[in-house]
Amino acid sequence: MSLATTYSPADVEAKWYQCWQEQGFFKASPNPKKTPYTVVIPPPNVTGVLHMGHMLNNTIQDVLVRRARMRGQEACWVPGTDHASIATEAKVVAQLKEQGIEKKDLTREQFLAHAFAWKDKYGGIILEQLKQLGASCDWDRTRFTMEPALTDAVLRVFVDLYRKGLIYRGVRMVNWDPLGGTAISDEEVIPKDVTAKMYYLKYEIVADSSQPLAVSFEQEANSQQPAAKSYIVVATSRPETIMADVAVAVNPADERFHDLAGQRVRIPLLGRDVPVIQDEYVLTDFGTGALKVTPAHDLNDYNLGQKHNLPIIDILNDNGTLNERAELYVGQDRFAARRNIVKDLDAAGLLVKTEEYASIVQTSERTKAVIEPKLSMQWFMKMEHLAKPALEVVENDTIRLHPAKFKNTYRAWMENVRDWCISRQLWWGQQIPAYYLPDGSFVVALSAVEALELAREQSGNAALEMSDLRQDEDVLDTWFSSWLWPISVFDGFADPDNADVNYFYPTNDLVTGPDILFFWVARMIMAGLEFRQEVPFRNVYLTGIVRDTQGRKMSKQLGNSPDPLDLIAQFGADAVRTGMLFSAPAGNDLLYDEKLVAQGRNFANKLWNAFRLVKGWEVDAALPFAHDKPVAWFGARLAAVVADIDDHFEKFRISDALLAVYKLVWDDFCAQYLEMVKPAYQQPIDPETLRHTTAYFEALLKLLHPFMPFITEELWHELAARGPRDYVTVAHWPKPAPPADSAALLAGMDKALAVVAGIRAVRNQKNLGPNKPLALVIKTDEPALFTAYEGVLRKLGNLEALDFAGAGPAGAVSFVQGSSEFFVPLEGPVDTAAERARLEKELAYAQGFRESVQKKLGNEKFAANAKPDVLERERQKLADAEAKIVALEQALKGM
RNA sequence: GGGAGAUUAGCUCAGCUGGUUCAGAGCAUCUGCCUUACAAGCAGAGGGUCACUGGUUCGAACCCAGUAUCUCCCA
């Protein structure tokens with residue numbers, strides 16, 4: 001035989017992927033004779049490259065899609081990318097900078113030209129990488145969130161929601177990303193634990209001639225000092241914002257500050273003074289109990305300021321530097337300004353002390369910059385109206401989350417949902433279709449032409465010209481595109497009644513990470529209900545995060561993430577796919593270990609070698625069917641395991657489904673079945689056995705195909721001559737009917753295999769190699785149990801003789817299975833004492849077991865309360881134990 | 001600070017409504033084998049007071065309460 005002993009994936013993968021595409025197997029179109037099965041890909045960033053998270057996520061999708069296809073559904077997996085406005089814009093800006101071009105020197109059109117050029121160059125990479133993984137997407141349907149049709153959908157939705165009163169413009173405290181130069185939504189903010197410094201600053205009390213002060217404001221640090229104080233100590237973590245202070249607040253219940261009400265204090269280093277206000281919001285046990293109020297730069301302070309009618313002083317520029325309103329440190333970055341002001345405060349004797357404390361800073365998910373709370377005019381979307389039905393469909397299981405624990409997380413967010421800030425101060429994205437009139441009012445319209453019409457109407461000024469209108473500078477959040485994805489990829493906005501969207505929507509399953517449950521999943525549900533009155537999908541499979549063996553996230557900085565394409569090159573895509581899935585229950589983080597991929601490769605190799613064995617058999621047409629029992633048994637096993645696998649899939653237990661096929665192939669098929677039927681060296685096989693074996697092999701290839709598409713396709717074609725469209729990719733998922741006597745077959749073979757294991761244990765104990773034929777003598781009341789499997793026993797046990805007798809022969813090692821005794825006669829002396837000790841130990845164990853069962857059965861309350869089937873099982877246990885005890889006792893007696 | 005979830009073999013996890021073999025799998029470990037499909041393999045073996053403390057029950061890994069530790073979400 002010329003086939004290599006190891007499987008070589010590199011030789012076959014590209015070939016089959018090309019064949020599948022040429023055959024058009026991945027293409028889907030509405031087909032009334034089939035049920036649709038639709039998955040939309042979570043669109044990766046257009047400029048992204050494949051990482052381990054994508055590998056896991058897309059492997060799972062492909063497994064689901066391939067199985068659905070084999071089950072006769074019209075399987076449609078829609079690929080695509082999103083424009084990732086902030087990340088992509090940042091990349092393009094950085095790239096331009098390298099070329100010496102500053103964004104601010106470009107017009108919007110020029111910048112977009114650069115950005116699209118970048119997208120055209122790098123945009124397709126990740127999708128090409130998915131092909132190497134084997135992803136069976138319908139590539140003709142590839143979409144991009146910023147392509148014209150999807151942009152049109154976004155604008156339509158914006159206009160529609162605006163007209164419904166769900167989108168509004170307003171000044172709010174937003175999360176400002178100074179590096180990205182844009183507002184970001186709450187969900188894009190990542191809190192990080194840090195050790196921060198708390199600075200204790202002296203605010204001088206402005207002398208009020210009528211009321212001399214007599215209270216100690218700083219008891220601890222200066223307790224030995226005279227009571228009269230001229231300053232108050234305020235603790236802050238952001239000393240650079242004191243220039244934006246508009247008040248100092250204390251709790252009215254705090255007796256330390258009673259006399260301060262109505263006083264004014266002077267901001268350190270600045271000449272300006274501010275009032276002391278009282279509010280229950282202030283914590284008495286945090287810092288000094290006195291809080292500086294900076295409405296422009298802190299959300300809580302903003303609310304406090306609104307309540308007390310305080311002014312707002314914004315001292316920061318959009319890029320995080322201080323502006324002229326700060327008066328000091330103008331032009332310096334906020335962190336530089338902090339360092340400098342601390343120095344200056346200290347020099348001026350205004351810094352009492354600094355303390356370290358555990359704090360949290362908010363950072364940008366995209367740029368990692370520390371977020372600056374900032375007041376600005378933004379566009380918002382009202383969420384309450386949309387959230388209610390979206391929560392309902394998850395609560396009532398119209399949409400199921402897998403694992404279900406995420407229902408709690410989902411509920412918590414939906415019940416406390418806040419309005420969505422949808423505007424971004426960027427260029428890469430859909431420009432907001434709002435047009436400002438010269439008088440500052442605005443109109444919202446799909447096109448400039450329509451906007452002009454509206455503007456003339458609204459203003460009553462028919463002379464308005466296009467040039468009088470100015471479109472809003474901002475673009476929409478990328479998620480404002482992505483939330484429409486399941487509808488927009490089927491052009492469901494421009495043409496809501498088209499055949500594709502009617503057939504493929506709602507989609508079936510969505511596979512994504514829990515980190516975007518709110519960003520994306522929740523909003524897609526809202527969009528589906530709002531725009532099609534139908535949920536976008538039925539199941540949401542939430543994957544875990546891929547981590548290294550130490551539980552750390554994969555990251556570029558740590559360098560602990562393997563390059564997926566290197567892995568595929570080294571082990572093969574099938575191995576990588578199975579490696580990812582071996583240890584990936586839904587919702588659990590996956591501790592990635594290359595050993596898992598190696599296990600996948602080993603499995604592929606095992607399959608390959610099983611194939612080599614079967615392929616090498618010569619047939620002798622004259623031979624009678626010699627292996628009815630193994631053939632019938634494996635048929636029963638196959639039916640049982642396929643039922644298990646289907647059940648696992650129903651419950652989205654993908655790892656369990658894989659493990660079930662893995663064991664069926666490796667243990668049942670290779671280790672047992674093939675060993676039972678394989679002819680002796682250079683002997684031919686009978687045609688009937690070969691026919692069954694080949695059919696089983698095909699069934700296994702089908703079951704494996706969703707997990708290992710490449711090797712199964714290769715072997716499918718190697719195993720038999722195939723017609724032009726006969727591929728395992730489009731073969732029918734097995735639905736084997738269990739044989740009528742399935743239970744008896746499975747139980748009978750279990751017994752026989754237990755005897756084989758007994759014989760092998762004897763071989764191991766006595767150091768007898770597998771090549772040495774042995775004899776077996778059985779003492780049993782039910783010889784038929786074993787004669788039916790005599791062939792199996794002889795083959796797997798390598799027996800030269802198998803006899804029944806009433807007593808064991810002398811000089812034999814024995815073991816007990818059920819109520820039967822087995823003797824293996826050995827040459828040479830047998831260590832009787834050791835044999836006796838072993839049997840006695842087994843006997844003591846069986847007796848103890850019998851006793852516990854007897855006790856249970858003897859308990860009146862048990863007999864009264866236990867269900868009949870439980871009672872029956874216990875009686876059976878007792879009977880089995882007693883039979884075993886009798887057999888063991890006789891074995892001992894016979895020694 | 002509030003909420004959710006977890007804690008089972010060295011590692012990663014199953015264990016469905018409490019009751020079949022006194023807790024299972026994969027990997028890892030140990031022992032013996034290069035037995036003509038496969039050493040990326042074969043045969044066999046060892047390994048767990050199911051986090052802890054109480055409670056309910058004839059019976060608890062499973063139900064209840066508390067404790068500890070960890071993870072996630074929200075502030």
For [X] and [N], what is the distance between atoms [atom1] and [atom2] respectively, to the nearest whole Å?
X        : N     : atom1 : atom2 : answer
A/Asn408 : B/C72 : CG    : C1'   : 12 Å
A/Phe862 : B/C58 : CZ    : P     : 13 Å
A/Lys795 : B/U35 : NZ    : P     : 18 Å

OP1 or OP2 of [N] sitting under 4.0 Å from any side-chain N/O of [X]?
X        : N     : value
A/Asn602 : B/G41 : yes
A/Tyr662 : B/C27 : yes
A/Arg653 : B/G15 : yes
A/Trp666 : B/C27 : no

Categorize [X] for me: base, sugar-phosphate, or nothing, with a 4.0 angstrom heavy-atom threshold over every strand shown.
X        : value
A/Glu851 : nothing
A/Lys856 : nothing
A/Ala412 : nothing
A/Asn767 : sugar-phosphate
A/Phe603 : nothing
A/Lys606 : base
A/Arg601 : base

Where the side chain of [X] is defined as all heavy atoms beyond and including C-beta, which of [options] is the nearest nucleotide?
X        : options             : answer
A/Thr6   : B/C58, B/A37, B/A40 : B/A40
A/Pro770 : B/U35, B/G19, B/A43 : B/U35
A/Asn771 : B/G15, B/U35, B/G26 : B/U35
A/Arg418 : B/A43, B/A25, B/A75 : B/A75
A/Arg547 : B/A40, B/A37, B/C72 : B/C72

[N] pairs with which nucleotide, Watson-Crick or G-U wobble, both distances below 3.5 Å?
N     : answer
B/C13 : B/G24
B/U71 : B/A4
B/C30 : B/G44

Checklist entry - Is any N or O donor-acceptor pair between the side chain of A/Lys595 and the base of B/C27 shorter than 3.5 Å? => result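 A donor-acceptor contact between them is absent.
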
Checklist entry - Quick one: does A/Gln765 reach the base of B/A45 with a side-chain donor-acceptor pair under 3.5 Å? => result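 Per atom types, no contact qualifies.
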
Checklist entry - Centres of the A/Tyr696 and A/Phe669 rings: under 6.0 Å? => result no

Checklist entry - Mind checking whether A/Phe707 and A/Tyr662 have ring centres under 6.0 Å apart? => result no

Checklist entry - Roughly how far apart, to the nearest Å, are B/G26 and B/U67 at atom P? => result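 About 39 Å, rounded to a whole number of Å.
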
Item to check | First of A/Glu874 and A/Glu675 reached from the 5' end of RNA chain B, by closest nucleotide | outcome: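 In this pair, the answer is A/Glu874.
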
Checklist entry - Which heavy-atom pair separates A/Gly797 from A/Arg763 by the least distance, and what is that distance? => result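 Distance-wise, the nearest heavy atoms are O-NH2, 2.7 Å.
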
Checklist entry - So, are A/Lys651 and A/Asp647 salt-bridged, with charged N and O less than 4.0 Å apart? => result yes

